[in-house]
Amino acid sequence: MIDVPGYEIGGVLLTAEEIKKRVEELGKQISEDYKGESLMVIGILKGSFIFMADLMRAIDLDEVTMDFMSVSSYGNSTESSGVVRIKKDTDRSPEGQNILIVEDIIDSGMTMKYLRDEYFASKRTRSVKICTLLDKPSRRKADVEPDYCGFTVDDKFIVGYGLDYSERFRQLPHITYLIEKK
C-alpha cells in the first residue's frame with residue numbers, strides 16, 4: 001500500500017484495458033472527423049502527456065503534429081482563480097491550424113473555456129476542439145463541453161494515468177482516486 005499522508009487510495013475506477021479501448025475509439029473518431037485535413041494536437045502539461053501519447057498513436061492522419069502548453073489557473077490554491085496564466089506556450093504558431101487541445105481532466109472548465117474562446121480565437125486558428133480523458137461536469141463553472149470525452153467521472157480526487165497528487169501517481173496504468181482520512 002502506498003502511504004499518502006491524510007489520504008488513502010480508493011478502488012480502481014478505470015482499468016488500463018478500459019482506458020486503452022476508449023483511447024483507440026477516440027483516435028478513430030478524431031481520424032474520421034479530420035480525414036484529409038491537417039491537425040495540430042496540443043497537450044496541456046503535465047497531466048495530459050500519457051493520454052496524449054496514446055491518443056497520438058491512435059490517430060490515423062497523414063498530417064498530424066503535436067505541441068505542448070503549460071497553463072495555470074490555480075496559483076497556490078486548490079480552487080481555480082479563474083485567471084489563466086500561460087506558463088509555456090506552443091513552440092509553433094497555431095495560426096491557420098485545426099487545433100485539438102488535449103487535457104487530462106476538465107472540472108471547472110474555466111481554463112478550457114479561456115483557451116478555446118479567447119486564447120486560440122485570437123490566434124486566427126482554423127478550428128479549435130477539446131479532447132479530454134476525463135470530464136467532471138458536477139464541478140463545472142464555465143460553459144464548456146469537450147468535443148471528445150473519454151469518460152465522465154464523479155467528483156473524486158482522481159489520480160493515475162498522468163493525473164497526480166503532489167506529482168505522485170502519474171505512472172499508474174489505471175485510474176483510481178484518493179479518499180481523505182477522517
Side-chain angles (χ1 to χ4, degrees), residues 1-34 39-61 64-74 78 80 87-88 90-91 99-112 115 129-140 144-182:
M1 180 63 103
I2 301 171
D3 183 45
V4 183
Y7 293 92
E8 60 185 73
I9 303 284
V12 173
L13 286 177
L14 298 164
T15 66
E17 293 77 22
E18 290 172 313
I19 295 167
K20 181 180 186 218
K21 180 178 184 242
R22 185 66 183 128
V23 170
E24 288 171 356
E25 291 169 352
L26 288 170
K28 183 177 179 183
Q29 183 62 53
I30 291 164
S31 299
E32 290 174 13
D33 290 352
Y34 289 96
L39 180 64
M40 184 177 185
V41 179
I42 300 174
I44 306 303
L45 294 172
K46 294 179 186 174
S48 73
F49 80 102
I50 292 175
F51 171 47
M52 183 168 152
D54 290 344
L55 183 65
M56 289 284 296
R57 288 188 290 264
I59 295 173
D60 183 19
L61 293 173
V64 60
T65 60
M66 62 177 244
D67 210 327
F68 292 96
M69 292 182 76
S70 179
V71 299
S72 175
S73 65
Y74 288 84
T78 57
S80 175
K87 293 165 58 176
K88 184 223 173 288
T90 58
D91 294 329
I99 303 296
L100 180 65
I101 303 169
V102 177
E103 180 66 296
D104 55 356
I105 187 166
I106 298 175
D107 58 36
S108 75
M110 295 169 82
T111 300
M112 287 299 104
L115 288 176
K129 290 189 178 181
I130 299 168
C131 178
T132 189
L133 175 64
L134 303 173
D135 188 22
K136 197 187 290 185
S138 64
R139 302 209 6 128
R140 194 77 82 241
V144 63
E145 295 297 324
D147 299 283
Y148 305 97
C149 177
F151 303 92
T152 300
V153 294
D154 293 330
D155 188 11
K156 297 182 183 207
F157 196 112
I158 310 276
V159 296
Y161 195 71
L163 290 95
D164 74 304
Y165 168 73
S166 214
E167 294 299 324
R168 297 174 66 192
F169 308 108
R170 292 188 195 278
Q171 80 282 7
L172 296 176
H174 58 273
I175 301 284
T176 186
Y177 57 97
L178 299 180
I179 303 168
E180 194 167 3
K181 291 179 184 174
K182 299 191 183 205

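All of these numbers come straight from a predicted model, not from anything done at the bench.
- Here the shortest heavy-atom pairing between E18 and F151 reads O-CZ, 3.6 Å.
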Residues D164, F169; criterion side chain to side chain contact (heavy atoms under 4.5 Å, CB included); working and verdict: CA-CA 5 Å; D164 74 304; F169 308 108; 5.7 Å; no
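- Side chain of D67 to main chain of D91: a donor-acceptor pair is present (N/O by atom type, distance under 3.5 Å, no hydrogens or angles).
- The heavy-atom pair separating P146 from I106 by the smallest distance is CB-CD1, 4.1 Å.
- Between F51 and Y161, the two ring planes are tilted [angle within 30° to 60°].
- We find that K28 and D60 are not joined by a salt bridge, their nearest charged nitrogen and carboxylate oxygen being 4.0 Å or further apart.
- The heavy-atom pair separating V23 from A58 by the smallest distance is O-CB, 3.8 Å.
- Paired with I175 under the rule side chain to side chain contact (heavy atoms under 4.5 Å, CB included), one option of V12, I158, V153 passes, and it is I158.
- A donor-acceptor pair under 3.5 Å links the side-chain atoms of S108 to the main chain of M110, judged by distance alone.
- Partners of M66 under the side chain to side chain contact (heavy atoms under 4.5 Å, CB included) rule, at least two apart in sequence or in another chain, are M52, M56, F68.
- At least one donor-acceptor pair closer than 3.5 Å links the side chain of R22 to the backbone N or O of G150.
- Here the side chain of K136 pairs a donor or acceptor atom with the backbone of K156 at under 3.5 angstrom.
- Listed here is the closest heavy atom pair of L61 and S31: CD2-O, 3.6 Å.
- Here the closest non-hydrogen pair linking D107 and R140 is O-NH1, 2.7 Å.
- In this structure, T132 contributes its side chain and C149 its backbone to no donor-acceptor pair below 3.5 Å.
- Counting only distance, with no hydrogens or angles, the side chain of T176 and the backbone of G10 share a donor-acceptor pair below 3.5 Å.
- When each of D33, V102, I130, L55 is checked for a side chain to side chain contact (heavy atoms under 4.5 Å, CB included) with Y148, only D33 meets the rule.
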